[in-house]
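A quick write-up on the structure given underneath.
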Amino acid sequence: MPARSDDMARQFELDRPRLRAVAYRILGSLGEADDALQEAWLRADRADTSDVGNPSGWLTTVVARVCLNLLRARDTRREEPLDDAARRQPAATGTAADPAEEVQLADEVGIALLIVLDTLGPAERLAFVLHDMFDVPFDDIAAMLGKSPAATRQLASRARRRVRGVPAPEADLPRRRRAVDAYLAATRGGDFDALVALLHPDVVLSADAAVVPTPEPVTVSGMEQVARGAMASMARARSAAVVLVDGMVGMAMAENGRLRVVLRFDFAADGRITGIDVIAEPARLNELDITGIG
């Protein structure tokens with residue numbers, strides 16, 4: 001039965017939790033997700049819905065199209081310096097969201113998943129989220145993207161491989177993953193002694209100029225000095241996850257669902273960390289191959 005305007009308004013409110021979940025997983029930012037829902041309703045309210053037979057599916061399509069436009073706009077900003085991005089953060093990430101709710105949602109969805117999703121192109125991300133998370137048929141997604149169903153399947157398949165991860169070339173993956181897991185846990189918990197125990201006495205941390213930011217890259221050496229630097233990143237660690245970076249165990253940190261900082265690790269034969277490369281410059285981040293750990 002075709003939907004009338006008042007019926008569509010009621011349907012939108014009934015579907016709001018699901019539509020918000022769709023928008024959040026596509027965008028990775030609660031503020032942007034809420035803005036996308038507002039824009040989607042404005043579009044739906046102005047549209048002629050007299051021929052809409054499946055209001056829930058139609059509303060999902062409207063929300064997805066709004067999110068796709070936001071993702072594509074993001075791609076034009078990926079090369080801007082981190083300090084410029086921070087200055088324009090309110091405009092880029094939408095309505096201010098409750099930080100506690102943002103953290104809760106990120107934990108529910110999975111920080112690692114949100115980080116890997118942020119490395120996907122807009123079409124891949126949309127295809128994966130809508131099909132694999134919300135069972136939207138490929139035919140419907142293809143219409144949104146202007147692609148064939150077969151091409152849309154390929155997009156989702158490529159995204160799926162990145163999310164699930166690929167076998168790492170290193171032979172000692174399990175032990176190195178445990179070490180990075182422990183590094184993240186100690187940083188989150190502010191456990192200085194646990195951090196020191198993970199580090200080699202000659203450990204060296206190198207951070208590019210965008211990390212702090214500073215005029216020049218920063219290099220720190222020694223267990224205690226590196227551990228103190230890690231303590232300074234406790235707030236960032238709350239939105240970090242262990243991932244594969246170029247096939248090796250590493251760590252990535254997100255901000256409002258956007259990839260901001262990546263850590264690459266080197267290890268001694270005994271498993272202790274000998275080197276940490278901290279990357280925040282957008283051009284360097286874009287060169288990294290980041291996947292989930294399957």
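Side chains are part of it too, since the values below use all heavy atoms of this structure and drop only hydrogens, waters and symmetry mates. Count residues from 1 along the sequence.
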Donor-acceptor under 3.5 Å (Arg177 side chain, Val243 main chain) = no
Would you call Arg10 and Asp7 a salt bridge, taking side-chain N to carboxylate O under 4.0 Å as the test?
-> yes
Has the side chain of Asn256 got a donor or acceptor atom that lies under 3.5 Å from a matching backbone atom of Ser29?
-> no
Pair Arg175 + Asp270: basic N to acidic O under 4.0 Å | no
Asp15 side chain vs Arg18 backbone, donor-acceptor pair below 3.5 Å = no
Can you check whether Leu27's main-chain N or O pairs, donor with acceptor, with Arg74's side chain at less than 3.5 Å?
-> yes
Go through the side-chain N and O atoms of Ser157 and Arg153 and say whether any donor and acceptor fall under 3.5 Å apart.
-> no
Within one Ile-Leu-Val-Met-Phe-Trp-Tyr cluster: Val220 and Val278, side-chain cutoff 4.5 Å | yes
When clusters are formed by joining ILVMFWY residues with side-chain heavy atoms under 4.5 Å apart, either directly or through shared neighbours, do Met133 and Met144 land in the same one?
-> yes
Using modelled atom types only, decide if a donor and an acceptor are shared between the side chain of Thr274 and the backbone of Val203 within a distance under 3.5 Å.
-> no
Expected output: side-chain Arg125 to main-chain Ile26 donor-acceptor under 3.5 Å | yes
Heavy-atom side-chain contact between Leu263 and Tyr183 under 4.5 Å | yes
Side-chain ion pair, Glu255 and Arg258, N-O less than 4.0 Å | no
Check the surroundings of atom CZ in Arg238: do more than 12 heavy atoms from other residues, nucleotides or ligands lie under 6.0 Å from it?
-> no
Checking side chain to side chain contact (heavy atoms under 4.5 Å, CB included) for the pair His131/Phe138: CA distance, chi angles, key distance, verdict?
-> CA-CA 7 Å; His131 180 267; Phe138 280 122; 3.3 Å; yes
Taking the side chain as C-beta and beyond, is there a heavy-atom pair between Val218 and Val211 under 4.5 Å?
-> no
Expected output: side-chain Asp208 to main-chain Glu281 donor-acceptor under 3.5 Å | yes
Kindly say whether Ala237 contributes a backbone atom to a donor-acceptor pair with the side chain of Arg188 at under 3.5 angstrom?
-> yes
More than 12 foreign heavy atoms under 6.0 Å from CD of Glu108: is that the case here?
-> yes
Hydrophobic cluster identity match, Phe134 and Leu126, side-chain contacts under 4.5 Å | yes
Answer yes or no: is there a side-chain heavy-atom contact under 4.5 Å between Val180 and Phe267?
-> yes
Salt-bridge present (Arg20, Glu101; N to O < 4.0 Å) | yes
Check: Arg236 main-chain N/O paired with Ser233 side-chain donor or acceptor under 3.5 Å | no
Just by distance, do the side chain of Ser239 and the backbone of Ala254 share a donor-acceptor pair under 3.5 Å?
-> yes
